[in-house]
Amino acid sequence: MRDEIKTSYDAVRAQERWQQFWEQDNTFTPIDDGSKERRYVLDMFSYPSGDLHMGHAEAFAIGDVVARYWRLKGYDVMHPIGWDSFGLPAENAAIARDSHPADWTYANIETQANSYKRYGLSLDWSRRLHTSDPEYYRWTQWLFLRFYEQGLAYRKDSFVNWCPKDQTVLANEQVVNGACERCGATVTKRKLTQWYFKISDYAQRLLDDMKQIEQGWPERVLAMQRNWIGRSQGAYVDFKIEGRDEPVTVFTTRPDTLYGATFFVVAPDSDLAAELCAPAQRDAFNSYLEETKKATEIERQSTERPKTGVFLGVHAVNPVNDELIPVYAADYVLSDYGTGAIMAVPAHDQRDLDFAKTYQLPVRMVLDTGLPDPAASGVATPGDGAYVTSAALDGLTDKTAGVAKMCEWLEERGLGKAAITYRLRDWLLSRQRFWGCPIPIIHCPGCGEVPVPDDQLPVTLPDLRGAALTPKGVSPLASATEWKSVPCPRCGAPAERDADTMDTFVDSSWYFFRYCSPGYTEGPFRSEDVAKWMPTAQYVGGVEHATMHLLYARFFTKVLYDLGLVGFTEPFSRLLNQGQVINKGKAMSKSLGNGVDLGQQIDAFGVDAVRMTVVFAGPPEDDIDWADLSPASSLRFLQRVYRLAADVASAPGADFNTGDLALRQTTHRGISAMTEALDSQRFNVAVARIMELVNATRKAIDSGPGGGDPAVREAAEAITIALSLVAPYVAEEMWELLGHTPSVANARWPHPDPALLTQESVTCVVQVQGKVRAKLEVTPTVTEEELTALALADPTVQRTLADRPIRKVVVRPPKLVSIVPG
RNA sequence: GCCCAAGUGGCGGAAUGGUAUACGCGGUCGGCUCAAACCCGGCUGUCCUUAAGGACGUGGAGGUUCGACUCCUCUCUUGGGCACCA
C-alpha cells in the first residue's frame, strides 16, 4: 500500500516494457531515404572494461538528449553504438584466467550492451560494431596499407620505454613515476624498430583547419591541440664542426642572437653525439649516455634539475664570426625536437645560462634589454632590446627586425634559412601486444617490407591464450611460429609476418566512418554513405582525448580526404566535452572508496531519475559532484509529472484554442524557453523550464481551470514531449496515458505560437540613478510618453527624486524607465 | 614559465548590457494525520529598523554606461592542459 502511494508509476515495469517496444519497433533506426535532413549524433564509444559507470551515465545521457531533441525536431537522426574492443586489459585478464582475451572482451560487451539498452538510449543497434571483429580490423589493415603506400606509415629506430624485468616495451601511460606499473622496476630506454604514422606532415593542416571547427569545438580543446602541435618559427643555421665534412644544422627561434652563441650542444641520445665524440672523450660520453638513459621521465621533466652534460672534445664554428665554440652533449637538449642540436646563447636563454654557469662557459650579451647583465645576475634576458656587438644587427631594437635581418644574411651566404618546426612527433603505433590489430606487413629476407595484398586481408590473430600472452620482450605473436611463417607475397621465399599489433587509437580513428556503412564488404565504408551523414553534427565525449583520439581522428580524416575517399577535412562539426561525475569533491576511485555504482542507483531510483539527475545537475561541460545531487528528488519530481498526465481529463485532440488563456501563454512561453535552452546546449536550464511549466500546470489543475481544460492537456503534452529527452520511460507512459500511440519519440517538438508569447501586462522597472525604485504594471503597447508620465507620477519615485531637477530620462518601453536627476 | 577556463545565497546553479539569486537541494513554519512517513502550501542573501522603509551585495581595484554578474584594464584565487620544445 505504502509503495503505491510513494510510486505512482512502476519504473522497473516501464523500463522493461518500453525497452522491448523500442527494439521491436526499430524506433531509433534512421529512415535514411533522404526525405528528412540527416543528422549524425555520435558518442565516443566505450572500452569494454566492465559494466557502465557514472561517467558513461552522464556522457550518454547528454548525447541522448541531443539525439532525441533533433529527432523530435524532424531530423533523420543516426545515433550509433559500438565498442573499442582491442586493448591491454583484456590481455592481462586472459593471462590471469588462462583464457583468450576475446572471452573477457565479448562477455563485457554483452554486459554493457544490456546496460545501454536499459539506460533507455535512442541508439540504432543495426550499426553496432566492435573494433576487434575481423570484419572491422580487416579495414583497419586496409587503411594502414593505404597510409603505407603514401609513405605515411614507416618504420624507424627509436628509444622507447623498456621494463628490464618484464622484458617488454611500455606505453607512456604504463610508466608510473618512472617505474613499471606492473612490477615496479625502473623503466629505461631501449632502441627498437617501430612503426610510425607521419602525422607531423599534417601539423600545419591540423592547425589551419581549426578555422572550420572554431565555432563548434570548445576553445580549450583547440588550445590544447595548438599547444600540442607547438608550431614555432625561427631558422635553421649550419655550423661547421672540426673534422666533419658536412655542417651540422641547428634550429633556433632566435637567430638574431647568433653573435652571443658561446657553445654548442647536442642531444646525448642522438646518433650525432656518438659520431662527433672525440676518442679521448669516448668513455666519459658513454657513461653520461648510460646515466641519461636511466634517468626517469620524472627526473628528466623536472625544470629544477641541475644541468648536466659532457664535453665531446670537438669544436663547432660560429658561422657569423668564425669563432670556435666547444661542443657538449647534454640531456636538456632533446633528440627528437628540431635537429637534436642547438647553438647555446647563455646571455639570452635561461637553460643555456644555467649550463654555462655549471661548466664555466663564457656569457656574452648581444642584446641590451635594460636589465642587468645575465653574466652577473644569473638571469637570462630573452626579451627585445638593442643589439650590441652583432655587426649588421647593431642599431636594431626589436626582435622581429633582428630575426628577419639575420635570416636574410644567412640565406645570402647559404648558411641557413628561415624555418618552422613543430613539437608534434610522429605517432608511434607499434605495440608488442597480442590483443590488437595485426600490422599487415611481411618481412622478406630478399624483398624487405612487403605489404599483405588487399585480397588476403584480414590478417587474423592466431589462437593464443593464457600464459602464451605473457610479455617476453617481443610481441606474443612472434612466438606463434606457424602463424608467423608465410611465403613472401612478392617472391614466394619463406618470410615472416610483422609480429606487432597497432595502437588501439588506430582502431578508434575511423570507427565513425564505419557506422555510415555497416557491414559493407567492399571497403571500410561507402563514400556516398559518408557524404550523406558526415561531418558528424554532434560528437560527445571526455576532454581526456583532446590531444590523442581527437587529434588522430582529425589526422585520419585529412588523409582520407587526400586519398579521395571523403569529401571533407574535419570529421566533427560540433564537440561537447561533458564533465566528470565526482563524489565528495574527488574523482571516484577504489582507493578512496567513494565510488557510486550506476547499477545500484538505477535499482534504487530508476533510469529516468538517474538520467534526470545528471542532466539537471549543472552545465554539461562542468564536473558534477554526486554528493550535491539528489536522485530521490528527481524521482519525486517524475512522479509529480506523471500524476499531471493522469489528471488530464479532456480527450486527445481537444481544441487547445478553447483552453484557459493564461495557462496557454505560460505553456508557449515555456516551450519557447526550453527550445532556446536546448539549442544552446544548456540542458540543465531546459530541465528547469520543464519544472516551471509543471508547477504552473499543477496549479491550473488544483486551483485554476481544472484538469478538464484543454489548456491543461496542451501543457501536459508539451511537458511529456520535452521530458522524453531526459526521462524517456516516464514520458512513454505519460504519452500513452494521454491517449496517444507510442512512441513519444515520433511526436513533433511543439512550436510556440507567437500570438501566445505576448502578455497583456508586463512589469516595468523604474530606476533612479540606476537603482530600482518602483515597478509598474503596464500594457506591452504602452508608449514612451505614457510610461514616462506614469514613472514620474509614482510616489516612491517622487520621494526619491525629492526636489532635484531631472537631467535625463531613458525609456525602453515597456520594460524600463531610467531617471537621472541633475 | 607558457596556454585555457572558472569565481554569484548554506549548497548545485539561473540571468539577449535593463527587476541579481530562476529551477532544484537543504533549512524553517504551517496544512493533512491520533501520530509519523508520504504529499501539499508559505517563508528562506547580509545588515540596520518596532514598523514602514532603507543600506549593502555576483573574488578584489579601477573604467565605460542612464544602467555592469555581463563590456574594457589591472589584480587575486581555484581548477585544467603543456612544459629543459632551443
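All values below were derived from every heavy atom in this structure, side-chain atoms included, with hydrogens, water molecules and symmetry-related copies excluded. Residue numbers begin at 1 in each chain, while the letters A, B, ... track the order of the sequences.
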Worksheet item: For A/Phe505 and A/Met548, which heavy atoms make the closest approach, and how far apart are they?
Response: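 It is CE1-CE, 3.5 Å.
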Fill in: Closest heavy-atom pair and its distance - A/Pro326, A/Leu361
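So the two residues come closest at CG-CD2, 4.0 Å.
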Taking only N and O in the side chain of [X], is any of them less than 4.0 Å away from OP1 or OP2 of [N]?
X        : N     : answer
A/Arg636 : B/C39 : yes
A/Asn684 : B/G24 : no
A/Tyr337 : B/A86 : yes
A/Ser232 : B/A86 : yes

Practice prompt. Answer syn or anti for B/G59, where the cut-off is 90° from 0 on the glycosidic torsion.
Written response: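 Anti, angle beyond 90° from zero.
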Worksheet item: Of A/Gly338 and A/Pro619, whose nearest nucleotide on RNA chain B comes first from the 5' end?
Response: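 That would be A/Pro619.
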Worksheet item: Would the number of heavy atoms belonging to other residues, nucleotides or ligands and lying under 6.0 Å from CD of A/Glu219 be above 12?
Response: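 Result for CD/A/Glu219: enclosed.
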Fill in: Nearest to side-chain heavy atoms of A/Ala223, which nucleotide of B/C84, B/A86, B/C3
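Output: B/C3.
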Worksheet item: When you measure from every atom of RNA chain B, which of residues 688-698 of chain A have a heavy atom less than 4.0 Å away?
Response: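 RNA chain B contact set from residues 688-698 of chain A: A/Ala688, A/Arg689, A/Met691, A/Glu692, A/Asn695.
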Using a strict cut-off of less than 4.0 Å between a Lys/Arg side-chain nitrogen and an Asp/Glu carboxylate oxygen, indicate whether [X] and [Y] qualify as a salt bridge.
X        : Y        : value
A/Glu692 : A/Arg689 : yes
A/Asp702 : A/Arg698 : yes
A/Asp331 : A/Lys307 : no
A/Lys399 : A/Asp384 : no

Classify the nucleic acid contact of [X] as base, sugar-phosphate or nothing, counting any heavy atom under 4.0 Å across all strands shown.
X        : result
A/Tyr422 : nothing
A/Thr763 : base
A/Asp628 : sugar-phosphate
A/Thr547 : nothing

If I pick the [atom1] atom on [M] and the same atom on [N], what distance separates them, to the nearest angstrom?
N     : M     : atom1 : value
B/A20 : B/U8  : C1'   : 8 Å
B/G10 : B/G81 : C1'   : 33 Å
B/A5  : B/G9  : C1'   : 24 Å
B/C11 : B/G45 : P     : 13 Å
B/U21 : B/A6  : P     : 23 Å
B/C32 : B/A37 : C1'   : 12 Å

Worksheet item: Ring centres of A/Phe683 and A/Phe616 under 6.0 Å apart?
Response: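 Not under 6.0 Å, so no.
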Worksheet item: In what stems does RNA chain B take part, counting only runs of at least 3 consecutive Watson-Crick or G-U pairs whose two distances fall under 3.5 Å?
Response: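 RNA chain B forms these stems: B:1-7 with B:76-82, B:10-12 with B:23-25, B:26-31 with B:39-44, B:45-48 with B:53-56, B:59-63 with B:71-75.
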Practice prompt. Tell me, please, which residues at least two apart from A/Arg669 pass salt bridge (Lys or Arg N to Asp or Glu O under 4.0 Å).
Written response: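 With sequence neighbours excluded, A/Arg669 shows a salt bridge (Lys or Arg N to Asp or Glu O under 4.0 Å) to no residue whatsoever.
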Item to complete: For A/Asp679, enumerate each residue passing the salt bridge (Lys or Arg N to Asp or Glu O under 4.0 Å) test, keeping only those at least two apart in sequence or located in another chain.
Response: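 Partners of A/Asp679 under the salt bridge (Lys or Arg N to Asp or Glu O under 4.0 Å) test: none.
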Discussion item. Taking side-chain contact (heavy atoms from CB on, under 4.5 Å) as the definition, give me every residue that meets it alongside A/Ala609, ordered by chain and number, with sequence neighbours left out.
Written reply: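 Expected list: A/Phe605, A/Ser634, A/Leu635, A/Leu638.
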Discussion item. Please encode protein proximity along nucleotides 43-69 of chain B as a string of B, S and -, counting only heavy-atom distances under 4.0 Å.
Written reply: ------------SS---------BS--
Worksheet item: For A/Thr800, does its backbone N or O pair with a side-chain atom of A/Arg804 as donor and acceptor, under 3.5 Å?
Response: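 Side chain of A/Arg804 to backbone of A/Thr800, a donor-acceptor pair under 3.5 Å: yes, one is there.
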